[in-house]
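Reviewing the structure listed below.
On a predicted model such as this, the values are computed, not experimentally measured, just so you know.
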Amino acid sequence: MLLSFIGLIIFVNVSTKIDCNALYTSTFIAGNLTILGASTSLMIRTMALWEWKPRAVLSMLALSFGQCAILICTIITVQASWDHQARACVVARTNHILLNLNYAYTMSFDFVILVMTLFVLRKRFRHEDLSTLLCHDGLVYFLITSTCNTVPTVLAALNINDEMNVIAMVPAAAVSYVLFFYSYGHFL
């Protein structure tokens with residue numbers, strides 16, 4: 001997450017010619033790893049609640065591999081270059097459809113994890129305080145990250161310009177990661 005923000009700060013404030021595409025690619029890799037880390041950590045918690053039952057684990061792993069594939073594809077769809085007139089890095093090309101797919105899939109994946117968590121908690125831990133805490137944390141995580149992920153999804157869907165397609169991606173990924181740590185903060 002920190003690398004994403006550093007890359008974004010450099011991207012916005014650079015005034016001498018650099019390899020903008022390499023900078024943007026590394027920023028995207030860090031941002032996508034942040035998204036993947038938050039979703040995977042929640043998935044592992046859900047797998048543990050399901051007591052590592054093969055059907056639950058395999059279904060979540062299949063969804064996770066789908067998310068990995070989409071995140072890898074989005075890394076190579078954004079291209080940036082140096083603009084001599086603006087003396088800045090500019091986004092030269094994006095694939096707004098793939099960016100929309102990325103956020104729609106991530107929100108759907110998080111929703112499936114939330115539903116699987118709520119189902120197992122209601123089934124196994126009906127009256128325990130831990131169940132209430134995990135339900136609350138899961139709902140807070142899903143609602144806030146879905147709201148934050150809606151902003152880049154809408155911007156990419158509108159396809160106003162290449163910069164607007166990607167501007168909100170790093171902040172949305174950061175919010176996901178921070179909320180993931182919030183949901184685990186009660187256990188530390």
Side-chain angles (χ1 to χ4, degrees), residues 1-5 25-78 95 97-153 156-157 168-188:
M1 179 176 71
L2 180 62
L3 293 176
S4 296
F5 276 121
T25 300
S26 62
T27 302
F28 249 66
I29 289 170
N32 285 351
L33 286 174
T34 301
I35 293 168
L36 187 63
S39 294
T40 302
S41 298
L42 291 171
M43 179 185 69
I44 291 170
R45 179 178 77 177
T46 304
M47 287 177 178
L49 289 170
W50 277 90
E51 296 178 336
W52 304 98
K53 291 184 179 167
R55 195 180 325 173
V57 169
L58 291 175
S59 63
M60 286 186 263
L61 283 176
L63 290 171
S64 181
F65 289 142
Q67 185 183 31
C68 286
I70 291 170
L71 290 172
I72 289 169
C73 288
T74 58
I75 290 170
I76 59 174
T77 60
V78 177
N95 184 340
I97 295 169
L98 195 55
L99 294 173
N100 272 337
L101 179 64
N102 177 15
Y103 278 98
Y105 194 93
T106 298
M107 288 189 288
S108 301
F109 180 62
D110 288 345
F111 179 73
V112 168
I113 297 300
L114 173 67
V115 169
M116 291 182 77
T117 301
L118 294 176
F119 181 78
V120 76
L121 288 174
R122 294 294 175 209
K123 185 177 168 186
R124 289 185 47 221
F125 305 104
R126 190 168 299 219
H127 301 291
E128 294 183 24
D129 290 335
L130 177 63
S131 175
T132 305
L133 179 66
L134 289 174
C135 287
H136 177 265
D137 286 350
L139 286 172
V140 167
Y141 172 83
F142 177 74
L143 293 174
I144 295 176
T145 57
S146 293
T147 303
C148 290
N149 286 336
T150 301
V151 173
T153 302
M169 292 183 79
V170 172
V175 168
S176 299
Y177 209 67
V178 168
L179 283 172
F180 154 71
F181 278 109
Y182 165 79
S183 68
Y184 273 94
H186 293 103
F187 305 111
L188 300 176

Contact summary for [X] and [Y], nearest pair of heavy atoms:
{"X": "Tyr105", "Y": "Gly66", "result": "OH-CA, 3.6 Å"}
{"X": "Ala157", "Y": "Asn100", "result": "CA-ND2, 3.2 Å"}
{"X": "Thr40", "Y": "Ser64", "result": "OG1-OG, 4.3 Å"}
{"X": "Met43", "Y": "Met60", "result": "SD-O, 3.4 Å"}

- Message: Thr46 and side chain to side chain contact (heavy atoms under 4.5 Å, CB included): which single residue from Val115, Val57, Val112, Ile113 fits?
- Response: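 Exactly one option meets the side chain to side chain contact (heavy atoms under 4.5 Å, CB included) with Thr46, and it is Ile113.
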- Does the pair Val120 and Glu51 meet the rule for a side chain to side chain contact (heavy atoms under 4.5 Å, CB included), with working shown? CA-CA 10 Å; Val120 76; Glu51 296 178 336; over 6 Å; no
Quick check: do [X] and [Y] have side-chain heavy atoms less than 4.5 Å from each other?
{"X": "Gln67", "Y": "Ile35", "value": "yes"}
{"X": "Ile29", "Y": "Thr25", "value": "yes"}
{"X": "Thr117", "Y": "Leu42", "value": "no"}

- Query: From Leu71 CG over to Ile75 CD1, what is the distance, rounded to the nearest 0.5 angstrom?
  - Reply: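 If we round to the nearest 0.5 Å, Leu71:CG and Ile75:CD1 are 7.0 Å apart.
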- What's the spacing between Leu49 CG and Ile44 CD1 if we round to 0.5 Å?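 Between Leu49 CG and Ile44 CD1, I get 12.5 Å after rounding to 0.5 Å.
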- Message: For the backbone of Tyr103 and the side chain of Thr106, can you confirm whether one donor and one acceptor N or O come within less than 3.5 Å of each other?
- Response: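 No; judged by distance alone, with no hydrogens or angles, the pair does not exist.
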- Message: Looking at Ala56, is its backbone amide N or carbonyl O close enough to the side chain of Ser59 to form a donor-acceptor pair, meaning the two atoms are under 3.5 Å apart?
- Response: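 Between the backbone of Ala56 and the side chain of Ser59 there is a qualifying donor-acceptor contact (under 3.5 Å).
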